[in-house]
Structure formats: structure tokens, C-alpha cells
Novice: 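I have a structure here, written as C-alpha cells, and I will follow up with some questions on it.
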Amino acid sequence: MLRARPDGEVMSGSRILGLLLLAPAFVFVVLFFLAPVVLTAVFALTNMSTATGITGGAYQVTQSGMRELAERHGEQALADALARVRYTVDRTGIDAASVEGASTALVSELDRRLAGQSFDSRRELERAIKKLDNRPRGTRALKSLSALFERSIVNTRFATEEEFFDAVAGLGIELDATQRAALLATTYTGWTWTGENFSRMFSLPDTRRTFLNTIIYVFATLIVFNTGFALVLSIVTHYMPDRPAGIFRAIWLLPRISPPVLYVLLWKWLAWDTGFLSRILVPLGFESRNWMLDNPTNAWVFIVLINGFVGASMGMLIFSAAIRSIPVSLFYASEVDGANRWQQVRYVILPQLRWPILFITCYQSLSLLTSFEYILLATEGGPGGATKVWALAAYLTALNNYAGNLEYGYGAALALVLVLVGVILSLAYLRLFDFKSLVAPPPIEQ
Amino acid sequence: MTSNYRSWPMILALGVVTIPLVLMYVYLFVDTVTNTAPGSVVPHEFTGEHWRFLWETLPGRPSIYVATLNTFVFATATTLIVLAISSTAGYAISRLNVPFRAFFLAGVMVLHAFPTVTLIIAIFLILQFIGLYNTLIGVILVKAALELPFGIWIMKGFYDTVPWEIEMAGIQDGASRLTVWRKLVLPQVMPAVMALGIFSFLAGWSEFILPLVLAPDNKVQVLSVYLAALIADDNNFDMALFKSVGVFYVVPVIIMFLFFQGKLMSIYGGGTKG
């Protein structure tokens, strides 16, 4: 009777309610997941950076732009013409002269005799002015007058293409179609579309190193701590009375519940050159030094320890729960059969942990691949880039670097690689962990 | 249970491995109220000077109370949004015959497994575009959104454990699905909502990368960014001060953890950290 209404006849109550309940989540997910994923891909195809800004740009003749125009586009003559300073007697200049206090007679004579004329140098302009009947008295007056007609488009920003070309035409420069295109390419200050981020990524030796670092980081942490040590923790605490077991589990949870900034501070205190390690090792004849940043090997040991101490607790919780669910009779039976502790671990516990181990490995490989918080706080990728992993490289490139020019485009290209790997791996893991059983149809149809 | 084996070798072995961790946390508290001579590991006097940030504002930093208030607002607002949205969406995905239900669920699962920190560059640029950069609202919305797949996933799991008979009975008595959810099902999962709430609050309280990138200004600074900026400032190196600020920052976390340990365990198993 509850299944009275057949499927798909009308939009049923539960469907509308369901959509209403899902709507807010949907909006959030679209705004902060789908949009960022798509935009990461879009930004990856641009050269966006602090220098280009993010909203758009203007047209500006700059020295570097003109060098590019001459070298890349072979337009040496055009570049020279654009970079040259000219003296043109135009409306703006004449108006400025009258505001500056030039006599009415001089202004009208300028307008009558020189308006529209252009001179290649200041001296030529001044010579022309000197020939006027109402010429200014004194060199200073002449200089300040001629300065008003100095015309150059170098370092002037033009908001639109038209304004820019009008100004170029105002210099008396004629452009053909290829020159226009070359000029636009070399004077635009905003971001443009480009595929260079990817060619750059594949050609830089830095990328290879970052890639290898990432592999080392993920596998070392995953094998030694997130599964290895987590297994040790859960099995060892299993063989303890409840009280000490509880205490150990609580202690090993501390890194996970501590805020990352504080947790990494504790490690710094341990490794600092006046820190705890130095204090106990100096009396033993070691030199005082920063144990974490001293050399790449030490840095890696600390990075793996810092991440591993946090990562071990998740495996510990899941494996402990799995061991608890093994029937006690299995343990008794194995003991009656004379199994020692190692054999019990090997033949009773481990076979039961196969799926939890697989789950932890998959899940944490993905988290480790993209996590950079602890490395950023501990070494910032140092010393000398030795502990820079992929996610950290993306972050540093786009959001925080010493050079000051944040390369959003290149950073997004680096991040895009992680996004793709992340999506592919999570889809693969979904298949592995049997998705269908989770979506059994609801028994109430209303 | 397996009393045939002695347990003390195990306790001893694990104890040795655990020593560094214990030392770090013991000294965290000890160093905030004592002074230690250089080269020594045993404190020689008690002092309160490391807590001076409580009554004077440190140079170049916002007041600790401003940062604390920001952190509290940030964590609370994030929690409320996460709770409101995941308790509704989780129910819809768990129990209602929504079109594309499998699609939604797969989406949530992928997003849950998908580490969100990779999106931070695009999110940074989006917030710049829409003018929410350097505001608490912006970073709250982002943090809530990134916690959502996890929240929905957890709530879906808890709704799945509620017996269908409860809803069947409600519907037999003539209640609508909405009423059934509000009056019958929601009370059943209240412990889960509590657990998720505490978890989200602690996650918000600890969050570092998002506020660092999206709201670094002194006015909207949260405690994690405050502490990190303090540590990063090479001119004023004072480990005991850092630790005192750290203790001030972590005490609410420890208190909540001690009170709600049992509830949190059900959630940490699905953990979000690497």
C-alpha cells in the first residue's frame, strides 16, 4: 500500500521534498567545488599573475614590450617610432599654454601658425617658436612652453584598443594588419590565453624534482606510519590491559586533535638550534644546530615524522575497531592449538585486516598527495627546495613566494594536475569499495 | 583478553616510542609558566611573563581577544552552516526517492575523498572577483562548503542506521515525510548531529590554510594565523611566548575533546587529515 503509486507518474511528494532538502547543498557544491575545478582548468590556460592582474588589462607601450616587438616580431622600425619622444603642437598643448599664463597673442599665433605640426626634437620646436612674433621672453619661459608639447605614448595606459590605436595614429604612424596584431600582443598588460604553463611545467628540471619529492613523501609516510605504525599501534594495544591501551591511544590521538600550527611548533621546539634535541645532545659532544633544516636528509626525516604521527592515529582507530570485531573464540582456538603471539598476529589478525588496510592505503594516499599544510609550517619546502612537494609548489607559485610576483596561471596549472589525479583516484577507489550497496532504493515510495 | 601472553614487554616497547610525543606535550605546558637556563632541560623558576599577551597587545599584531573572537565566530558559523545543510541533504540522499539520487551520492563520495586544498588557488581568485577576499564571511562560506561533503556523508551514514519502521509508523499515522523527518527521525540522529557539530567546530578552530590565504588581514585574523605570524617573525623569537599563545589556543580543543571523546571517535574514524 505504501508502494501504491507507480514510478514516474507525477512528481511525488518525497521527490519535491528531497530536491528542496538537497538544494542548499547543491548550491554550495556548485559554487565552491565545481566552479573552482572548472576555473582551475581555465586559469591554467592563462598567464595570470600579480603583474597582469585578474580582471583585465590596458594597453601600454613599455621598454620591454618594444624590445619584444623588435626581436620577436621583427618590427624594429615600428618599435623605435613608438618609443620616440615627439613635440606636437596640438589642441591640448595650446590650451595648457593659455592656462599656464602664455599671452593671448602668443596662444592665437601658436594656433594659427604651428597647430598640427610635429617636431622630432625639442630644439626644432623651440626654433620654430622663436620665429613667432609674440615669442616668450627668456629661455625659462621658452623651455616651460615647449615642455607642454612633449608627446610620447611610452608608459601611458590606454583602457581600450580604440583609444590606443587613436593615440598611435596621432603620432603619425600608419599600421598594417600584422603590425596591429603584433602591437596588441606586446602592449597588452592584462592576462592572455596561453599553453605555455604546461610546456614550462614539462621542461623545468624543478618539476622533476618536485615530482620525485612527492613520491618519496607519499610512500614513505604511508608505508612507515599511516599503515605500518598504525598496525603496530593497534596490535600492540590489543595485547594490553584496557587501561594502558586507552592511555596510549589517547596520547597518539594528540597530534590529530592539535591544531597544525601548534603541533608543528612543538616539533620546531624539539629541533631548533637552542631546542630540546640540541640541549640533550650538546653535552654528549654534538654541535648545536637546527636539526630539522640542517640538511635534506634530516628535513625529510622530520617531514615524515610530523606527518606520520598525525596519520598513524586514523589507521590505529580503524584497525583497532576491526580487531575488536574479530570473534574472541578465534584467539582462544589459536592459543589452544599452541600458536605463539607472532603466529596469532600473522594468521588470525592480519587476514581480517585486509580490507581496512586497503581502505587506509587508498584514502590516505590521496590525502597525503595533496596535503602541504605541515610541510609549509615546518620547512616551507626547504632546505633549498629539498622537501618541496607538488601541492606545496602549486601553493608557493600562486599564493606565496619571495619574488612577489604571484603566478596564478602557472600555479593553477600545477594544481590542475593534482585535481585530475585526485578525481581519477577517487573514482577508482569508489569502484574498489563497492558503490552499489550504498544506494539501495528506499523502501518507502510516497 | 588473551591472558596467556605477558603484556609488560608491549607496554615497555610502545612506551619508548611514545616518549618524544609525551615530552613535547609535557614541555608545552611546563615552558609557559617557567624559565629554563640555556643549555638545561630542567626549569629553574616560575614566571607569568610568557602570558603577557593577555594584558598587552604584541607589537604589530591584533589584540589576542580580537583574534579569539574571530576564531570563535569563524568556527561557530561554519558549524551551523554545515549542520543545517548536511542534516537535510544527508536525509534526502539516505531516505528520499530523489531523482539522480545515485548521482548525488556518487558526487558526495567523490568530493568526500577528493582533497579540497587543491582548489585553493581558484577559490582565492573567485573571492577576489566577488569582493569577499579578506572578509570573515568569505572564509566562512568556503570552509563550510569544503566540510560539506564530509558532513553529508557522515549524516547519510547515521540516517541509514535509523530503522525504517519508525518512518513507516509515522506515515501510517498520516504524517508527511517532512514531519516524519523533523519529529521522528531527527531526534534519532541527534547524537550524530552533536558529534558532527563538535567535529566541525574543532575543524574550524584548527583551520590554518584557508584563513591564511583568504583572510590574512589583522582585522579578520584568526588564532592559527596569529600564532603562525608570531612564529614566522624572526625579529622577536621567544619560544615560551609562542607556546603560551599555543596553549591559550589549544585549551578549548582539549576541553571539548575530554568532554566529547566518545562522540568524536565515531567521526575521527572517517578522518580528514593526512
Side-chain angles (χ1 to χ4, degrees), chain A residues 14-15 17-19 21-22 24-25 28 32-33 36 39-40 54 236 239-241 244 248 251 254 256-262 265-266 269-270 279 307 310-311 314 317-318 328 331 335 341 364 366-368 370-371 373 398-399 408 411-412 415 418-419 422 426 429-430 439 442-445, chain B residues 1-2 4-5 7 10-11 14 18 21 24-25 28 39 41 85 88-89 91-92 95-99 102 105 109-111 113-115 117-119 121-125 128 142 145 148 152 164 167 177-178 206 208-209 213 224 227-228 231 239 242 246 249-250 253 257 268-269 271 273-274:
Chain A
S14 91
R15 289 185 160 210
L17 177 62
L19 288 178
L21 292 182
L22 272 178
F28 262 87
F32 294 100
F33 278 98
L39 285 177
T40 303
I54 55 171
V236 169
Y239 282 107
M240 278 181 199
F248 276 119
I251 292 176
L254 279 174
R256 180 166 293 269
I257 61 165
S258 303
V261 183
L262 175 71
L265 174 68
L266 298 181
W269 165 78
L270 202 69
R279 284 184 185 195
N307 282 282
V310 177
M314 180 179 168
L317 292 179
I318 289 188
V328 188
F331 288 102
E335 282 167 33
R341 183 142 47 183
Q364 304 243 319
L366 199 51
S367 327
L368 280 171
T370 52
S371 77
E373 198 171 20
L399 299 172
Y408 307 130
L418 282 183
V419 171
S426 31
Y429 295 162
L430 273 192
V439 276
I444 297 186
E445 294 281 333
Chain B
M1 101 194 39
T2 46
N4 289 356
Y5 304 125
S7 58
M10 291 291 182
I11 296 180
L14 194 55
T18 311
L21 207 51
M24 286 195 286
Y25 281 90
L28 168 65
V41 292
I85 296 184
T88 51
Y91 182 68
R95 288 299 167 91
L96 297 175
N97 189 27
V98 192
L105 187 55
M109 281 189 73
V110 172
L111 290 180
F114 178 77
V117 76
T118 52
L119 301 176
I121 297 170
I123 289 176
F124 169 78
L125 294 175
Q128 295 243 337
V142 172
L148 266 184
I152 295 175
W164 274 101
E167 282 170 275
R177 285 300 285 271
L178 182 64
S206 305
F208 170 59
I209 295 279
V213 173
S224 58
L227 179 56
I231 297 170
M239 186 55 89
F242 303 162
Y249 173 41
V250 79
V253 177
F257 189 76
Y268 272 115
K273 282 186 190 177

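Every chain is numbered from 1 and lettered A, B, ... according to where its sequence line falls, protein lines coming before strand lines. Side chains are part of it too, since the values below use all heavy atoms of this structure and drop only hydrogens, waters and symmetry mates. Treat the numbers as computed from the prediction; the structure is a model and nothing was measured.
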Novice: F242(B): what forms a ring-ring contact (aromatic ring centres under 6.0 Å, His included) with it, not counting sequence neighbours?
Specialist: F237(B)
Novice: Where do F32(A) and V142(B) come nearest, in terms of heavy atoms and distance?
Specialist: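 F32(A) and V142(B) have their closest heavy atoms at CE2-CG2, 3.6 Å.
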Novice: Report which part of L125(B) has an atom under 4.5 Å of a heavy atom belonging to chain A: side chain, backbone, both, or neither.
Specialist: both
Novice: Taking all heavy atoms of L148(B) and all of A25(A), pick out the closest pair and write down the distance.
Specialist: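 Shortest heavy-atom contact: CD1-CA, 4.5 Å.
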Novice: Just to verify, what does P24(A) make a side chain to side chain contact (heavy atoms under 4.5 Å, CB included) with, not counting sequence neighbours?
Specialist: I85(B)
Novice: Roughly how far apart are F208(B) CZ and L262(A) CG, rounded to 0.5 Å?
Specialist: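 These two atoms lie 12.5 Å from each other.
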Novice: Return the minimal non-hydrogen interatomic distance between A412(A) and I121(B), and the atom names on each side.
Specialist: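 Closest pair (atom of A412(A), atom of I121(B), distance): N-CD1, 3.9 Å.
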Novice: Looking at side-chain heavy atoms only, is the closest gap between V253(B) and S258(A) below 4.5 Å?
Specialist: no
Novice: Can you name the closest pair of heavy atoms from T118(B) and A415(A) and give their distance?
Specialist: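 Minimum heavy-atom contact is O-CB, 3.7 Å.
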Novice: Counting only non-hydrogen atoms closer than 4.5 Å, does F248(A) touch chain B with its backbone (N, CA, C, O), its side chain (CB onward), both, or neither?
Specialist: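 Only the side chain of F248(A) comes within 4.5 Å of chain B.
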Novice: Do you know which of L22(A), T40(A), L39(A) has the most heavy-atom pairs under 4.5 Å to chain B?
Specialist: L22(A)
Novice: Relative to chain B, which segment of L270(A) carries a heavy atom at a distance below 4.5 Å: side chain, backbone, both, or neither?
Specialist: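 Side chain of L270(A) only, per the 4.5 Å heavy-atom cut-off to chain B.
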Novice: Does any heavy atom of chain B fall under 4.5 Å from the side chain of L399(A), the backbone, both, or neither of them?
Specialist: side chain
Novice: Counting C-beta onward and ignoring hydrogens, is there a side-chain heavy-atom pair between L17(A) and L96(B) closer than 4.5 Å?
Specialist: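 Of all side-chain heavy-atom pairs linking L96(B) with L17(A), at least one is under 4.5 Å.
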Novice: Please assess M24(B) against L254(A) for the test side-chain contact (heavy atoms from CB on, under 4.5 Å), listing each intermediate value before the final yes or no.
Specialist: CA-CA 11 Å; M24(B) 286 195 286; L254(A) 279 174; over 6 Å; no
